[in-house]
2 protein chains.
Amino acid sequence: MGDDHSAARPLRADARRNRERVLQVAQEALASDGLTISFDEIARRAGVGVGTVYRHFPTKEALVEAVLLGRIEGFVADARALSTAEDAGRAFFGWFARVVEQAAPNQALCDMLDAGSGMSLPPGSTLAGDLAAALARLLARAQRVGAVRADLAAQDVHDLLRGCLAAERRALARGGAVRMAEIVCEGMRARTSAPPAAF
Amino acid sequence: MGDDHSAARPLRADARRNRERVLQVAQEALASDGLTISFDEIARRAGVGVGTVYRHFPTKEALVEAVLLGRIEGFVADARALSTAEDAGRAFFGWFARVVEQAAPNQALCDMLDAGSGMSLPPGSTLAGDLAAALARLLARAQRVGAVRADLAAQDVHDLLRGCLAAERRALARGGAVRMAEIVCEGMRARTSAPPAAF
DNA sequence: ATAGAATCGGAGAGCTTTCTCCGTTTGTCT
DNA sequence: AGACAAACGGAGAAAGCTCTCCGATTCTAT
């Protein structure tokens with residue numbers, strides 16, 4: 001992967017400017033339109049030729065990664081930082097709500113977190129695994145102190161996170177309040193009293 | 001729209017056979033591959049020319065409706081039937097879980113319930129409104145008896161349903177248990193520890 | 001100012017998808 | 001059996017997408 005950010009040779013001024021501009025436009029376009037936005041459309045909005053976009057980002061995945069990878073890394077970092085927090089329950093639910101709050105307004109970020117639906121994390125990276133591992137640790141601690149239902153697996157939480165994201169995104173689109181995470185968290189919480197059994 | 005199911009003139013035997021076959025194949029293809037399945041692919045799997053598929057179903061929407069509309073009508077009918085049930089809380093949660101259970105294994109049905117993501121309900125029909133109204137009624141009754149959080153709007157429940165569907169579908173894909181609906185319902189349930197002050 | 005390299009822009013190749021058209025085949029009716 | 005309408009099938013038009021190519025342009029260094 002011949003990147004161009006090293007000190008090998010400084011980019012020409014116009015190239016640097018265009019790269020920045022494309023990144024900026026792609027950021028906005030992906031947030032509002034999701035992963036399905038086309039390169040032609042990004043080029044048009046950025047006011048450059050499509051060839052220029054491809055020179056800086058050889059594939060669609062490369063562009064998407066450049067824009068979104070950092071956000072997901074942020075979630076992983078958050079989870080790690082919280083994995084030694086004093087109140088394990090608070091750490092788990094806080095992280096969950098935080099991810100939903102931050103990712104919901106960004107269509108492409110949601111699409112990406114929804115691995116399997118089209119584009120997924122880069123194959124060479126361990127990011128998906130890192131996220132899963134960090135989440136699993138947070139969950140395990142919260143379950144150990146009895147804050148979260150014991151019958152939940154990390155994968156279940158992952159799926160609930162995706163679902164919650166979908167719900168929250170919709171609610172956001174119609175101007176609704178940000179309450180989906182709270183409700184789902186309530187559902188994951190261990191029942192302190194007798195379980196209501198059946199429906 | 002010149003339909004061909006009325007008694008105007010009976011379909012020729014081969015036409016009838018092909019129509020049935022296409023419907024059958026489309027049913028399966030939509031369930032497993034979702035709304036993005038192509039007509040060419042359906043024609044190929046049904047062993048007929050693509051022209052034949054288009055003769056029976058003039059647009060993609062027409063085919064999708066022929067396959068899925070009944071399912072959604074079923075959900076509406078269920079909701080109506082339950083809207084006078086004795087235990088309003090049980091009725092609400094039961095309906096919610098039932099819809100999730102039935103729709104989750106069907107990719108296209110989930111896609112469709114997720115209105116806004118691509119194809120939506122037919123414009124001329126009142127189905128979307130009917131569904132919303134039936135759900136609203138179920139919800140209102142369940143809230144009146146204190147079974148469901150009072151701060152939930154019908155739209156919130158609709159969004160939670162979609163999110164739950166997304167989560168459940170994923171869980172299903174990896175062979176997980178059917179538990180997402182239970183968790184989300186738990187989250188929607190009014191906390192008994194702090195009763196809604198009653199009347 | 002000018003040469004030369006780096007970068008640009010967008011036409012277009014190659015693919016997929018929806019949907020149309022019409023020559024050919026098949027069923028039906030007498 | 002034979003005639004005629006109904007139905008078939010698949011080539012291909014139109015549109016959209018990703019990605020490539022290369023002549024034209026713009027920057028940089030001397």
Side-chain angles (χ1 to χ4, degrees), chain A residues 1-26 29-30 33-67 108 111 117-120 122, chain B residues 1-26 29-30 33-67 108 111 117-120 122:
Chain A
M1 297 184 186
D3 277 347
D4 36 26
H5 57 277
S6 64
R9 207 148 304 196
L11 278 175
R12 234 171 64 174
D14 54 346
R16 188 179 192 51
R17 216 182 313 124
N18 279 333
R19 185 178 209 280
E20 224 54 39
R21 186 171 176 82
V22 166
L23 221 34
Q24 165 76 18
V25 167
L30 283 168
D33 294 38
L35 252 25
T36 60
I37 187 90
S38 79
F39 260 45
D40 276 354
E41 180 61 18
I42 289 173
R44 206 185 53 70
R45 292 195 199 175
V48 303
V50 68
T52 298
V53 178
Y54 275 99
R55 188 158 334 92
H56 291 299
F57 306 97
T59 66
K60 191 169 185 175
E61 287 194 1
L63 175 56
V64 169
E65 283 172 25
V67 170
D111 291 350
S117 115
M119 185 151 336
S120 62
Chain B
M1 293 185 188
D3 276 346
D4 37 27
H5 59 278
S6 65
R9 207 147 304 194
L11 279 174
R12 233 171 65 175
D14 52 347
R16 188 179 191 50
R17 217 182 312 125
N18 279 333
R19 186 176 208 282
E20 225 53 41
R21 186 173 176 83
V22 167
L23 221 35
Q24 165 76 19
V25 167
L30 283 168
D33 294 38
L35 252 25
T36 59
I37 187 90
S38 79
F39 261 46
D40 275 356
E41 180 63 17
I42 289 172
R44 205 185 54 69
R45 292 195 199 175
V48 302
V50 69
T52 297
V53 179
Y54 275 99
R55 187 158 334 92
H56 291 298
F57 306 97
T59 65
K60 191 170 184 175
E61 288 194 359
L63 174 56
V64 170
E65 282 172 26
V67 171
D111 291 350
S117 115
M119 186 151 334
S120 62

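Below, read A as the first sequence line, B as the second, and so on, with proteins coming before strands; counting in each chain starts at 1.
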With each end axis built from five pairs of C1' atoms, what bend angle do you get for the helix from C/dA1-D/dT30 to C/dT30-D/dA1? Round to 10°. 0°

Round to a whole Å and report the spacing from CG of B/Leu63 to C1' of C/dT18. 13 Å

Provide, to the nearest angstrom, the distance between the CZ atom belonging to A/Arg44 and the C1' atom belonging to D/dG16. 14 Å

Keeping A/Lys60 on the side-chain end and A/Ile37 on the backbone end, is there a donor-acceptor pair under 3.5 Å? yes

Rounded to whole Å, how long is the line connecting atom CZ of A/Arg21 with atom C1' of C/dC8? 15 Å

If only side-chain N and O atoms of A/Asn18 are considered, is one of them under 4.0 Å from the OP1 or OP2 phosphate oxygen of C/dC8? yes

Between A/Asp33 and A/Arg45, does any side-chain N to carboxylate O distance fall below 4.0 Å? yes

Euclidean distance, atom CZ of residue A/Arg16 to atom P of C/dC8 [Å, nearest integer]: 13 Å

Between B/Arg19 and B/Phe57, is there a side-chain heavy-atom distance shorter than 4.5 Å? yes

Sequence-aligned protein contact record of nucleotides 18-30 of chain D, with B where the base is within under 4.0 Å of a protein heavy atom and S where only the sugar-phosphate is: BBB-----BSS--

In whole angstrom, give the distance that lies between atom CG of A/Asp33 and atom C1' of D/dC17. 15 Å

Results of side-chain contact (heavy atoms from CB on, under 4.5 Å) for A/Arg44 - residues two or more places apart only: A/Glu41

Would a 4.5 Å heavy-atom cut-off, applied to side chains only, mark A/Leu63 and A/Leu23 as touching? yes

Between B/Thr52 and D/dA7, is there a contact of a side-chain N or O with OP1 or OP2 at under 4.0 Å? no

Is there a side-chain contact between A/Asp14 and A/Arg17 (heavy atoms, below 4.5 Å)? yes

Any side-chain N or O of A/His56 under 4.0 Å from OP1/OP2 of C/dT7? no

Considering all heavy atoms, the nearest A/Val48-A/Val22 contact: CG2-CG2, 4.1 Å

